[in-house]
*Asks:* 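Below you'll find the structure I mean.
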Amino acid sequence: MQNWIKTLVVGSCVLTMLLHVIPDGKFVKYVRFYAGLIFVLLAMRPVIQLLSGDTFEELLQFALLREDSAELATAVEGMREMKDTQIIEACQKELASQLEDLACVCGADAAEVAVRFSDSPEGIVDAVFISISISDGTTEQYRHTASAIREKAETLYGIDPKAVRISDEGGAWL
C-alpha cells in the first residue's frame with residue numbers, strides 16, 4: 001500500500017515538472033491527456049489487482065506472452081512448410097538418381113529421369129510420376145528395357161508401373 005502511495009506522489013511530481021518544462025502551445029493538451037491516463041492507471045492499480053487476483057504486471061506479461069506464442073507458432077509453421085518442401089525436393093533428386101542407375105542396370109546406355117510428386121496425401125510411393133528417356137537401341141531393346149525398368153521400379157520402390165512413362169530417343173512412348 002505504501003508503494004502505491006509513493007508511486008502516485010512521484011507520478012504527480014513528474015507530471016507537474018513535465019507540464020512546467022513543456023512550453024505553452026498545442027502539445028500541452030496532449031501531454032495532459034496521456035499523463036492523466038497513466039495517472040488513472042496508477043491510481044486504479046490496487047482495484048485491478050483486487051478484481052483479477054493477479055498483478056497488473058502479470059496480466060500484461062501474460063498478454064505479451066500470448067502474442068509471442070502466436071508469433072512463434074506462425075514461424076514454426078512456416079519453417080515446417082519450408083522443411084517439407086526441401087525434403088520433397090531432396091527425395092525427388094535421390095529417386096531420380098537411383099532410377100538413372102536402375103535404367104543403366106536394365107540395359108539402357110543413357111537415361112534422363114524426371115521425377116515429380118503429386119500433392120495428394122496418399123504418400124510418396126502412390127504420388128510419384130516418372131519420365132525416363134532412354135537412347136541407343138532398337139525398338140525391341142527399348143521395349144525390353146522399358147519393361148525391365150517398370151518391373152524393377154515396382155519391386156524396389158513400390159511404384160505403380162502406370163506411373164512410369166518411358167520414351168525412346170525419338171520421343172515415342174513405350
Side-chain angles (χ1 to χ4, degrees), residues 1-104 110-133 153-154 156-160 162-165 167:
M1 184 71 160
Q2 288 180 354
N3 287 336
W4 175 67
I5 294 173
K6 287 179 186 178
T7 305
L8 286 178
V9 170
V10 170
S12 63
C13 290
V14 170
L15 175 62
T16 305
M17 271 195 314
L18 187 63
L19 289 174
H20 285 293
V21 172
I22 294 176
D24 288 340
K26 57 184 175 180
F27 292 113
V28 172
K29 63 181 176 180
Y30 297 114
V31 171
R32 250 178 229 227
F33 176 74
Y34 288 110
L37 284 176
I38 291 172
F39 193 73
V40 168
L41 285 175
L42 288 174
M44 298 278 298
R45 187 173 172 188
V47 175
I48 293 171
Q49 287 176 350
L50 286 175
L51 293 177
S52 68
D54 296 326
T55 64
F56 183 69
E57 290 86 11
E58 288 175 352
L59 292 174
L60 184 61
Q61 286 177 347
F62 284 131
L64 291 174
L65 286 174
R66 263 187 252 123
E67 185 178 316
D68 289 345
S69 173
E71 288 175 7
L72 182 63
T74 303
V76 166
E77 185 62 31
M79 290 172 59
R80 184 175 295 130
E81 288 174 7
M82 184 174 68
K83 180 181 170 186
D84 289 347
T85 302
Q86 290 174 343
I87 289 172
I88 287 172
E89 288 172 359
C91 188
Q92 285 175 333
K93 286 179 186 176
E94 181 60 28
L95 186 58
S97 172
Q98 290 182 15
L99 288 170
E100 282 179 15
D101 294 343
L102 176 68
C104 290
E112 291 181 31
V113 178
V115 176
R116 182 177 53 92
F117 295 150
S118 73
D119 294 333
S120 69
E122 302 159 344
I124 289 179
V125 173
D126 294 331
V128 117
F129 299 101
I130 301 165
S131 295
I132 300 175
S133 297
E154 182 180 23
L156 295 173
Y157 302 105
I159 298 171
D160 183 13
K162 295 174 189 171
V164 180
R165 298 183 67 191
S167 66

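Position 1 is the first residue of the sequence, and the numbers go up from there. Note: hydrogens, waters and symmetry copies are ignored here, and every other heavy atom, side chains too, is used.
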*Asks:* Which atoms form the tightest heavy-atom contact between Leu99 and Ala153, and what is the distance?
*Replies:* CD2-CB, 4.4 Å
*Asks:* Just jot down the side-chain hydrogen bond (donor to acceptor under 3.5 Å, both in side chains) partners of Glu89, sequence neighbours excluded, or say none.
*Replies:* none
*Asks:* For residues 12-19, which side-chain donor-acceptor pairs fall under 3.5 Å, sequence neighbours excluded?
*Replies:*
from  : atom 1 : to    : atom 2 : distance (Å)
Ser12 : OG     : Leu8  : O      : 3.3
Ser12 : OG     : Val9  : O      : 2.8
Thr16 : OG1    : Ser12 : O      : 2.8

*Asks:* To the nearest 0.5 Å, what is the distance between CD on Gln98 and CD on Glu94?
*Replies:*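 The CD atom of Gln98 sits 4.5 Å away from the CD atom of Glu94.
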*Asks:* Measure across Glu100 and Val113 and return the closest heavy-atom pair with its distance rounded to 0.1 Å.
*Replies:* CG-CG2, 3.3 Å
